[in-house]
Student: 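Quick one: structure below, then a few questions.
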Protein chains: 2
Amino acid sequence: MAQPLQDPAPAAAVMYSSIIEELGRSIVGGELGPGERLTIEELQNRFGVSRTVIRDCMRILESMNLVFSKRRVGIVVQSPGHWNVYDARIIRWRLEGTSRARQFRSLTELRCAVEPLAAAGAARHATEEQRAAALRLAGQLRALGEAGRLEEFLAVDIEFHALLLSASGNEMFSALDDVVTEVLRGRTNQGLMPRTPREHALASHEAVAAAIARADPHSAEAAMRDLLAEVREAIT
Amino acid sequence: MAQPLQDPAPAAAVMYSSIIEELGRSIVGGELGPGERLTIEELQNRFGVSRTVIRDCMRILESMNLVFSKRRVGIVVQSPGHWNVYDARIIRWRLEGTSRARQFRSLTELRCAVEPLAAAGAARHATEEQRAAALRLAGQLRALGEAGRLEEFLAVDIEFHALLLSASGNEMFSALDDVVTEVLRGRTNQGLMPRTPREHALASHEAVAAAIARADPHSAEAAMRDLLAEVREAIT
DNA sequence: GGTCCATGAAAGATACCACCTTTGAAATGC
DNA sequence: GCATTTCAAAGGTGGTATCTTTCATGGACC
């Protein structure tokens with residue numbers, strides 16, 4: 001049974017994923033502009049794969065509204081206005097490319113819009129466990145923040161916000177947890193965060209958690225708005 | 001060449017779209033529960049099409065995270081938590097099915113979250129034409145509202161809100177115009193709207209438009225929040 | 001006899017190929 | 001300038017090959 005091939009890299013996990021990545025990035029990055037045409041045959045040659053694989057890729061790109069295909073014409077790149085900008089892959093590609101700053105700003109603004117209502121929702125709908133968890137996480141945030149342990153602080157912060165979104169009782173909100181995670185992570189990595197979290201931030205996290213714990217939607221919403229105030233100022 | 005076949009084409013515009021519709025609806029509607037398995041062969045027989053078509057469909061459903069496929073296992077239905085709930089088709093299917101009420105509530109809440117910030121954004125970024133259009137539409141709303149012409153009122157209302165979203169300068173917001181349209185239309189059709197729009201609604205539309213016209217983000221946001229207040233009360 | 005791991009077989013997705021059909025843009029003809 | 005023809009490219013079919021995962025079988029060891 002000697003496993004001669006220990007090769008841990010099945011690499012070609014799925015053939016098309018790498019093609020999707022490359023084409024998606026080119027479109028989102030703007031190297032392939034709206035109206036530009038591709039053909040299946042051309043892509044076959046370019047990537048050295050069969051028609052089937054290219055077709056699969058086109059179906060996927062089509063369902064993200066990055067392209068559409070017409071007979072006799074080929075595959076046409078769509079203009080940005082048509083893209084499914086909530087698709088996780090498109091969000092990722094935009095954050096990787098030259099439009100990072102703009103995308104980051106959009107996501108931050110979206111977060112600022114959604115989180116206050118998510119907090120109110122959590123105050124209404126959270127389970128007992130979730131309310132307890134919110135208090136616990138807010139406590140950890142203070143401890144880690146005052147100790148200046150930034151990385152752990154970030155991890156708990158992400159957990160805290162994800163908890164609120166999922167407790168909000170609104171699946172459209174919980175689906176945004178990746179967005180919020182990305183924004184929080186980006187803020188820390190870009191050095192937009194103070195060396196040690198401000199007292200104000202710690203206090204408002206605690207206020208949000210407390211309001212959720214005592215099922216007080218109005219206070220939860222207000223506290224979250226307060227928490228986000230400085231974030232909003234930074235982007236406007 | 002005599003076209004013997006005038007056949008008005010059995011609608012099957014594109015083959016797979018109807019299959020996607022049917023399967024998507026079953027999954028979203030819950031007839032196909034999470035973990036349930038399908039195979040390509042079985043679907044081939046069921047719909048009487050070739051493997052290629054089924055594969056194309058699976059690629060699309062997969063990219064919406066409604067299913068995932070594994071070798072030797074088949075195609076497995078994903079649990080609702082994984083779905084791309086911002087995909088226009090999924091939103092539509094959910095609104096058609098038994099989960100309509102819940103989905104409607106979620107979308108309304110999302111709208112309430114986003115529109116105030118969109119209004120603020122519009123006050124900052126709108127073009128001169130857009131500012132003028134906002135004022136004009138608000139004026140039309142008053143006229144139509146006072147005249148009790150509900151259908152035209154709805155159409156202009158939809159146009160007004162779509163304008164704000166697209167003028168907001170945030171593509172994540174503008175991508176939600178379908179959502180807002182759907183919510184507005186639903187409110188009217190479900191008889192949630194008063195016979196003639198309330199004075200308060202007319203006045204706050206005007207206030208939003210005026211704030212945008214004079215590039216006053218804070219007032220625009222506040223006026224929009226005021227406009228949405230009664231909507232929010234209705235869903236909580 | 002019961003538990004555990006190796007082995008093999010089978011099921012079903014992934015991938016490639018060759019070929020036919022349909023569509024609609026563009027060239028051509030009147 | 002309109003109708004007709006042409007034809008390139010996508011849509012669709014079905015066959016074959018490959019690969020991965022599961023599941024059942026069977027032997028070894030406790």
Side-chain angles (χ1 to χ4, degrees), chain A residues 1-23 27 32 34-78, chain B residues 1-23 27 32 35-78 82:
Chain A
M1 57 190 79
Q3 295 260 55
L5 170 62
Q6 168 49 350
D7 190 350
V14 258
M15 190 63 105
Y16 38 88
S17 61
S18 64
I19 300 177
I20 296 260
E21 286 289 317
E22 178 163 347
L23 288 176
I27 295 173
L32 284 173
E36 225 152 326
R37 293 182 183 187
L38 306 167
T39 69
I40 289 186
E41 209 179 337
E42 176 192 314
L43 293 169
Q44 264 187 76
N45 299 333
R46 175 166 157 200
F47 292 103
V49 295
S50 77
R51 206 156 157 266
T52 316
V53 176
I54 298 294
R55 281 190 51 162
D56 284 350
C57 293
M58 289 310 112
R59 283 291 108 73
I60 295 174
L61 292 176
E62 219 173 345
S63 98
M64 298 196 269
N65 281 334
L66 288 179
V67 304
F68 66 95
S69 68
K70 257 168 76 178
R71 283 189 176 171
R72 168 67 204 195
V73 172
I75 291 141
V76 186
V77 177
Q78 292 253 37
Chain B
M1 283 263 153
Q3 295 263 52
L5 171 60
Q6 168 51 351
D7 193 345
V14 256
M15 196 123 232
Y16 38 88
S17 62
S18 64
I19 299 178
I20 294 266
E21 285 290 317
E22 178 163 348
L23 288 176
I27 295 173
L32 284 173
E36 225 153 324
R37 294 181 183 188
L38 306 167
T39 68
I40 288 187
E41 210 180 338
E42 175 192 315
L43 294 169
Q44 261 187 82
N45 300 332
R46 175 166 156 199
F47 292 103
V49 295
S50 77
R51 252 178 324 153
T52 314
V53 175
I54 298 294
R55 276 188 51 131
D56 285 351
C57 293
M58 289 310 113
R59 284 290 98 74
I60 295 173
L61 293 176
E62 219 173 347
S63 97
M64 297 197 269
N65 281 334
L66 288 179
V67 304
F68 67 94
S69 65
K70 258 168 73 178
R71 283 196 172 157
R72 167 63 196 164
V73 171
I75 291 142
V76 186
V77 177
Q78 292 253 38
H82 291 92

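Note that this is a predicted model, so its numbers are computed, not measured. Chain letters run A, B, ... following the sequence lines, proteins first, then strands; residues in each count from 1.
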Student: Let me know the distance between CD of A:Gln44 and P of D:dG11, rounded to the nearest Å.
Tutor: 13 Å
Student: Nearest 0.5 Å please: distance from the CG atom of A:Asn45 over to the CD1 atom of A:Ile40.
Tutor: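 Reported to 0.5 Å precision, the distance equals 12.0 Å.
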Student: Side chain of A:Ser69 only, please: which of C:dA15, D:dG11, D:dG14 is the nearest?
Tutor: D:dG11
Student: Rounded to whole angstroms, how far apart are CD1 on B:Ile75 and C1' on D:dT21?
Tutor: 15 Å
Student: Could you write out each protein N or O paired with an N or O of nucleotides 20-24 of chain C at a distance under 3.5 Å?
Tutor:
from   : atom 1 : to      : atom 2 : distance (Å)
C:dT22 : O2     : A:Arg71 : NH1    : 3.4
C:dT23 : O4'    : A:Arg71 : NH1    : 3.2

Student: Roughly, in whole Å, what's the span from CZ in B:Arg55 to C1' in D:dT13?
Tutor: 14 Å
Student: Pick base, sugar-phosphate or nothing for A:Arg59, based on heavy-atom distances below 4.0 Å to the nucleic acid.
Tutor: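 Touches sugar-phosphate only.
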Student: Who pairs with A:Arg72 by side-chain hydrogen bond (donor to acceptor under 3.5 Å, both in side chains), at least two apart in sequence or on another chain?
Tutor: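 A:Arg72 satisfies side-chain hydrogen bond (donor to acceptor under 3.5 Å, both in side chains) with no residue once adjacent residues are dropped.
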Student: Please determine which of A:Ile20, A:Ile75, A:Ile19 meets the side chain to side chain contact (heavy atoms under 4.5 Å, CB included) test together with A:Leu61.
Tutor: A:Ile20
Student: Heavy atoms, side chains only, cut-off 4.5 Å: are A:Arg46 and A:Leu23 in contact?
Tutor: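 They are in contact (side-chain heavy atoms under 4.5 Å apart), so the answer is yes.
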Student: How close do B:Met58 and B:Val67 get, counting heavy atoms only, and between which atoms?
Tutor: O-CG2, 4.3 Å
Student: With nearest nucleotide decided by heavy atoms, which residue, A:Ile40 or B:Val49, maps closer to the 5′ end of DNA chain D?
Tutor: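 By nearest-heavy-atom nucleotide position, the 5'-most residue is A:Ile40.
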Student: Rounded to whole Å, please give me the gap between CD in A:Glu41 and P in D:dA10.
Tutor: 8 Å
Student: Touch check for A:Thr39, heavy atoms < 4.0 angstrom, all strands: base, sugar-phosphate only, or nothing?
Tutor: sugar-phosphate
Student: At 4.0 Å (heavy atoms only), tell me whether B:Leu38 reaches a base, stays on the sugar-phosphate, or touches nothing.
Tutor: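 Sugar-phosphate, no base atom in range.
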Student: Can you tell me if A:Glu42 has over 12 outside heavy atoms packed within less than 6.0 Å of its CD?
Tutor: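 It does: A:Glu42 CD has more than 12 such atoms within range.
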